[in-house]
Amino acid sequence: MKAAVYHGKERLPVEEVAVPELEEGEVLIAIDACAVCGTDLRTYRHGDKKIAPPRILGHEFCGKVVESRAGDKARVRVGERVVMYIVLPCGECRYCQGGRQNLCVSRTTMSYHYDGAFAPLMKVPAKAVSNGQLFPVDTDIPSEHMSLAEPLGCVINAHGRLGIGLHDTVAVVGAGPIGVMHAAVARLQGAQRVWMLDVSPARLRLAESFDIDGTIPVTADGAHLDEMEKRTDGLGPSVVIVACSHAQAQADALALAGKGARVEFFGGLPKSAPTALLNTNHLHYKELMVTGSYSEKMSDFQASQALIQSGRFPADRIITHTLPLEAIDQAFPLMESGEALKVCINPGTA
Ligand SMILES: [Zn+2]
Ligand SMILES: [Zn+2]
């Protein structure tokens, strides 16, 4: 079969690989759709030390169970369409015991430590099968839309600590696919007002088609800070979510935030430059609460799947492009230009 195999920085050829053979306890999935993650783009452009090549990338997927060697241990049957919680937690450390599998001290992850879903077939490790990490999809919602369950779960993890409600005004900095998902979840949580900020006019144009109250261009002269203040009666928003990997956006977020606001740094900075220069007087005088989030708990993934299946999440408008596997290298410039939100890969058949 053909798969997109990571061999190192800017080397992701679609090449012939062996069809995976199942061992005891494993399940084989025929992948219908696998969305391209911002981390796939980052791995492609800059490499990733956590991934030992050759490795098939792709971890935001939906597919059908075509073979099982798990017997009764699998809670899914051959023929069923499924999504998967892709973190393999140890189940025993303090974080796992507390339900925070994303923080597990010895976690492994699909497409990092096991081959992923930019391929027609992917095998699921026995541990994940017996741990109940495959979830049947019980609606006719397209697999492309269901592939968003993984990134949306990460967004829901962050929202768990933000606790947005009817009294909140929310600014999302970064209008890429993750920013749009944050805005949609904030709205579903009941936020009074939701604005999106970005440096890219193309991204802001796309963002305007979603249920938000407006967009604000981010400019070098800091005019966006004044504009945000104006739109919130001089108070500033009560929640600021940074949905991009820029130190300046993190610094801006503290300046944008209103008094007593919650600020979320979603997503990390590049490992080569992980430091941001922050004016901590904003924390002091405005009594800000700053949180971060990483990956998702299994419960977030389940909530995400349920939300997409409810039809209340705008998955159809977040997937802007679908490409065949052979054209996967076209996904990256589409994402970088801001022309695409989510690009979905159709891996075809083995
Ligand atoms: Zn992802
Ligand atoms: Zn653990």
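What you are looking at is a predicted structure, and each value in this text was computed from that prediction instead of being measured. Note that ligands are numbered from 1 as they come in the structure, with each ligand's atoms numbered from 1 the same way. Values below: all heavy atoms of this structure, side chains included; hydrogens, waters and symmetry mates excluded.
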> If you count heavy atoms of other groups shown closer than 6.0 angstrom to CE of M1, is the number above 12?
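Atom CE in M1 is crowded, with more than 12 foreign heavy atoms closer than 6.0 Å.
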> Output all residues satisfying salt bridge (Lys or Arg N to Asp or Glu O under 4.0 Å) with K230, sequence neighbours left out; order by chain, then residue number.
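Checked K230 against salt bridge (Lys or Arg N to Asp or Glu O under 4.0 Å); matches are E227.
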> Under 2.8 Å from the Zn ion (ligand 2), which protein N, O or S atoms are there? Could you list them by chain and number?
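The answer, once waters are left aside, is C90 SG, C93 SG, C96 SG, C104 SG.
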> Checking E15 now: which residues fulfil salt bridge (Lys or Arg N to Asp or Glu O under 4.0 Å) with it, not counting sequence neighbours?
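By the salt bridge (Lys or Arg N to Asp or Glu O under 4.0 Å) rule, E15 matches no residue at all.
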> Write the atom name of the N, O or S atom in H59 that is nearest the Zn ion (ligand 1).
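Distance check against the Zn ion (ligand 1) picks out NE2 in H59.
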> May I ask you to decide whether R231 forms a salt bridge with D213, counting only side-chain N to carboxylate O separations under 4.0 Å?
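Not counted as a salt bridge, because no side-chain N and carboxylate O are separated by less than 4.0 Å.
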> Please enumerate all residues that pass side chain to side chain contact (heavy atoms under 4.5 Å, CB included) together with T291, with sequence neighbours excluded.
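Partners of T291 under the side chain to side chain contact (heavy atoms under 4.5 Å, CB included) test: R161, L162, E264.
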> Students often mix this up, so state it plainly: with edges at 30° and 60°, are the rings of F332 and Y44 parallel, tilted or perpendicular?
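Ring orientation, 0 to 90° scale: parallel.
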> With rounding to 10 degrees, what does the angle E60:OE2 / the Zn ion (ligand 1) / C37:SG come to?
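Between OE2 of E60 and SG of C37, the angle at the Zn ion (ligand 1) is about 90°.
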> Does a side-chain N-to-carboxylate-O contact under 4.0 Å join R69 and E24?
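Salt bridge: yes.
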